[in-house]
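What you see is a predicted model; the values in this text were computed from it and never measured. First the proteins, then the strands, lettered A, B, ... as listed; each starts at 1.
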Number of protein chains: 2
Amino acid sequence: MPRLDESLLTHLPPFDGLSRTDIRRILDGAVSRRFEIGADIFREGEPADRFFLLLDGYIRVVRTTEAGEQITVLHIPAGQLFGIARAIGRETYPGRAVAAAECIVLCWPTALWDDFTRHYPGFGLSMARTVGVRLGEIQSRMQELATLHVEARIATALLRLITQTGRQTAAGVEIDFPLTRQDLSEMTGTTLHTVSRLLSAWQREGVVQSQHRRITVLDRARLEACAQHKG
Amino acid sequence: MPRLDESLLTHLPPFDGLSRTDIRRILDGAVSRRFEIGADIFREGEPADRFFLLLDGYIRVVRTTEAGEQITVLHIPAGQLFGIARAIGRETYPGRAVAAAECIVLCWPTALWDDFTRHYPGFGLSMARTVGVRLGEIQSRMQELATLHVEARIATALLRLITQTGRQTAAGVEIDFPLTRQDLSEMTGTTLHTVSRLLSAWQREGVVQSQHRRITVLDRARLEACAQHKG
DNA sequence: GCGATACTTTGAGCAAACGCAAAGTCCGAC
DNA sequence: GTCGGACTTTGCGTTTGCTCAAAGTATCGC
């Protein structure tokens, strides 16, 4: 494998302010891997013997019910650590991490975790903050699920997606990776039928534009209005 | 204030295995407080300048939407640390903590947090584990909210409550503190009307027994069956 | 005991969203 | 280019659970 470039890490919070040599050491412990769309990075219940940094791409963490339904519990945008189950006292991964877009990740064995936190104080802190943010996010999503109607939930999900991974185009903001109706329904706790109907309606009204697995938001303001509505 | 007894802490995970003198020091930094049912222990958005240990009682953490709806994001049974927002990098409490039963808590200023984690390694570990468990719980609740019908959600909530705070009586297992239909609806993301109808039905079938704000589960197996049903 | 307040029950009507079913469309592989 | 599979659309009937409304009941303070 080629030697990894130090500039990969210098601007990311966990490694912010570290010296070149420190970063060199950290990188030398890492393996870089590439995942195709749809590939599993880790699976629910697997021993949490690795942790990761997402350099590029987009990941969703899903849980599967006994009945086989899947729901997305978490989204991870580029630049974040993930798979840090061990850091919060878990032996196994609590969900499955799927590459939503093509992903480049760095991967370390869990053993290095203690090493890093001991030698680089910013690392532990940044991790705590990541967990905190994630807890907050998930609580917000729970609140949405409990109080908002389907329309508002889907609008919220789209807005979140374009903020995190939107790509500006002539027409509007496009979500930067293929996304099926099924994916959206798993994010919002509804069915792919309902999502499809809603997107069709929004398309008729010029709010979004979508063909096959690509979605572009044309009228962000309208979507935000939808996200507010309670009923 | 009377001196606190050391036996309060000796058997709790965060302080497990510490010497008498260590525990003495920890207790001397704490203030003990009592909260009546319904009292706020901390409020959403307040600076997180204290953390707590719940010695006795039961706490629920609620979030309020812009529209004023409340939903319960977390339950804390006796013996757990809570209000540890600072440990996960948050400046303010992300929700409101309400005493669901009469509560006895120990309270420390946040400043002592770093002290404890530095001197007592088990403390930091136990905290990480608490956060991990809590994240897992909240993800499960989200999954329930997304996939289960109201009936199954309410059944699940009741089962959780009797496992955590159930008191065995002649007839069955009683939830050990007053609980309104409204409370249950906030835990399950529904309306108090639906909860009331459902409890009435279950009462007719001899599954639960309830009057005013006390609920007793008579037929746990039936409730578990309800909790399974997807539709 | 009396009244006020908080909590609960129940009914009727209605809308949101689901389930099922079938047809249509796009894409990649060969 | 054509075939197969994955993804999407749409219609229709049904159900769940919400809203609104009103009456009933328990509890607490005085």
Side-chain angles (χ1 to χ4, degrees), chain A residues 36-38 65 67-71 98 100 102 144-158 175 177-205 208-216 226-227 229-231, chain B residues 36-38 65 67-71 98 100 102 144-155 157-158 175 177-205 208-216 226 229-231:
Chain A
E36 298 296 330
I37 288 182
T65 67
E69 289 163 301
Q70 307 213 331
I71 77 133
V98 185
E102 189 174 314
E144 286 163 21
L145 223 39
T147 62
L148 298 182
H149 280 202
V150 168
E151 187 185 37
R153 299 210 299 267
I154 296 175
T156 309
L158 285 180
I175 294 169
F177 53 84
L179 189 72
T180 66
R181 312 289 186 250
Q182 172 83 29
D183 291 336
L184 263 173
S185 75
E186 285 170 6
M187 293 169 54
T188 52
T190 180
T191 63
L192 77 162
H193 306 281
T194 303
V195 173
S196 177
R197 271 181 254 271
L198 211 46
L199 285 183
S200 299
W202 280 341
Q203 176 136 350
R204 272 193 296 278
E205 296 169 26
V208 304
Q209 169 107 36
S210 94
Q211 58 250 353
H212 200 49
R213 290 149 49 162
R214 312 227 63 115
I215 298 175
T216 306
C226 282
H229 274 300
K230 293 288 182 300
Chain B
E36 298 296 331
I37 288 182
T65 66
E69 288 163 301
Q70 308 213 329
I71 77 132
V98 186
E102 190 174 312
E144 287 163 20
L145 223 39
T147 61
L148 299 181
H149 279 203
V150 168
E151 186 185 37
R153 299 210 299 266
I154 297 174
L158 285 180
I175 293 167
F177 53 84
L179 188 71
T180 67
R181 311 290 185 248
Q182 172 85 30
D183 291 336
L184 263 174
S185 75
E186 285 171 5
M187 293 169 53
T188 52
T190 180
T191 63
L192 75 162
H193 306 280
T194 303
V195 173
S196 177
R197 271 181 253 271
L198 211 46
L199 285 183
S200 297
W202 280 341
Q203 176 136 347
R204 271 193 296 279
E205 297 168 26
V208 304
Q209 169 110 35
S210 94
Q211 58 249 354
H212 200 48
R213 289 150 48 165
R214 312 228 62 116
I215 298 176
T216 306
C226 283
H229 275 300
K230 294 288 182 302

Novice: For a quick check of understanding: with a heavy-atom distance under 4.0 Å over all strands, which category does A/Arg213 fall into, base, sugar-phosphate or nothing?
Specialist: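 Sugar-phosphate contact only - A/Arg213 comes under 4.0 Å of backbone atoms but never of a base.
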
Novice: Between B/Glu69 and B/Ser185, is there a side-chain heavy-atom distance shorter than 4.5 Å?
Specialist: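 No, their side chains stay 4.5 Å or more apart.
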
Novice: Would you tabulate the nitrogen or oxygen pairs shorter than 3.5 Å linking the protein to nucleotides 22-30 of chain D?
Specialist:
none

Novice: For the residue pair A/Leu158 and A/Ile175, establish whether any side-chain heavy-atom pair is separated by less than 4.5 Å.
Specialist: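 Touching, per the 4.5 Å side-chain cut-off.
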
Novice: Could you tell me the separation between the CD1 atom of A/Ile215 and the P atom of D/dC7, rounded to a whole number of Å?
Specialist: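 It works out to 13 Å between those atoms.
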
Novice: Under 4.0 Å between any heavy atoms, over every strand shown, what does B/Ser196 touch: base, sugar-phosphate, or nothing? Just pick one.
Specialist: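 Base, at least one base heavy atom under 4.0 Å.
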
Novice: With a 4.5 Å cut-off on side-chain heavy atoms, are B/Leu184 and B/Leu199 touching?
Specialist: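 Yes; the side chains approach each other to less than 4.5 Å.
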
Novice: Are any of B/Thr190's side-chain N or O atoms less than 4.0 Å away from OP1 or OP2 of D/dC18?
Specialist: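 Yes.
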
Novice: Rounded at 0.5 Å granularity, tell me how far CG in B/Leu148 sits from CD1 in B/Ile154.
Specialist: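 Reported value, rounded in 0.5 Å steps: 11.5 Å.
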
Novice: If the condition is side-chain hydrogen bond (donor to acceptor under 3.5 Å, both in side chains), which residues does A/Gln203 pass it with, not counting sequence neighbours?
Specialist: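 Not a single residue meets the side-chain hydrogen bond (donor to acceptor under 3.5 Å, both in side chains) criterion with A/Gln203.
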
Novice: When rounded to the nearest 0.5 angstrom, what is the spacing between CD in B/Gln70 and CE in B/Met187?
Specialist: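 Reported to 0.5 Å precision, the distance equals 14.0 Å.
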
Novice: Using only side-chain N and O atoms of B/Arg197, determine if any of them is under 4.0 Å from OP1 or OP2 of C/dT10.
Specialist: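 Answer is no, no contact under 4.0 Å.
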
Novice: Rounding to an integer number of Å, can you tell me how far B/Leu199 CG sits from C/dT9 P?
Specialist: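 My rounded result for the distance is 7 Å.
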
Novice: Taking only side-chain nitrogens and oxygens of A/Thr191, does any of them come within less than 4.0 Å of OP1 or OP2 of C/dC18?
Specialist: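 True: A/Thr191 side-chain N/O within range (under 4.0 Å) of C/dC18 OP1/OP2.
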
Novice: Hey, is the side chain of A/Ser200 poking within less than 4.0 Å of OP1 or OP2 on D/dT8, counting only N and O atoms?
Specialist: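 For D/dT8, neither OP1 nor OP2 has a side-chain N or O of A/Ser200 closer than 4.0 Å.
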
Novice: What's the NE2-P distance between A/His149 and D/dT16, to the nearest Å?
Specialist: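 Answer to the nearest Å: 17 Å.
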
Novice: I'd like to know if B/Arg153 reaches the base of D/dG17 with its side chain such that a donor and an acceptor end up less than 3.5 angstrom apart.
Specialist: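 Under the 3.5 Å cut-off, the side chain and the base do not form any donor-acceptor pair.
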
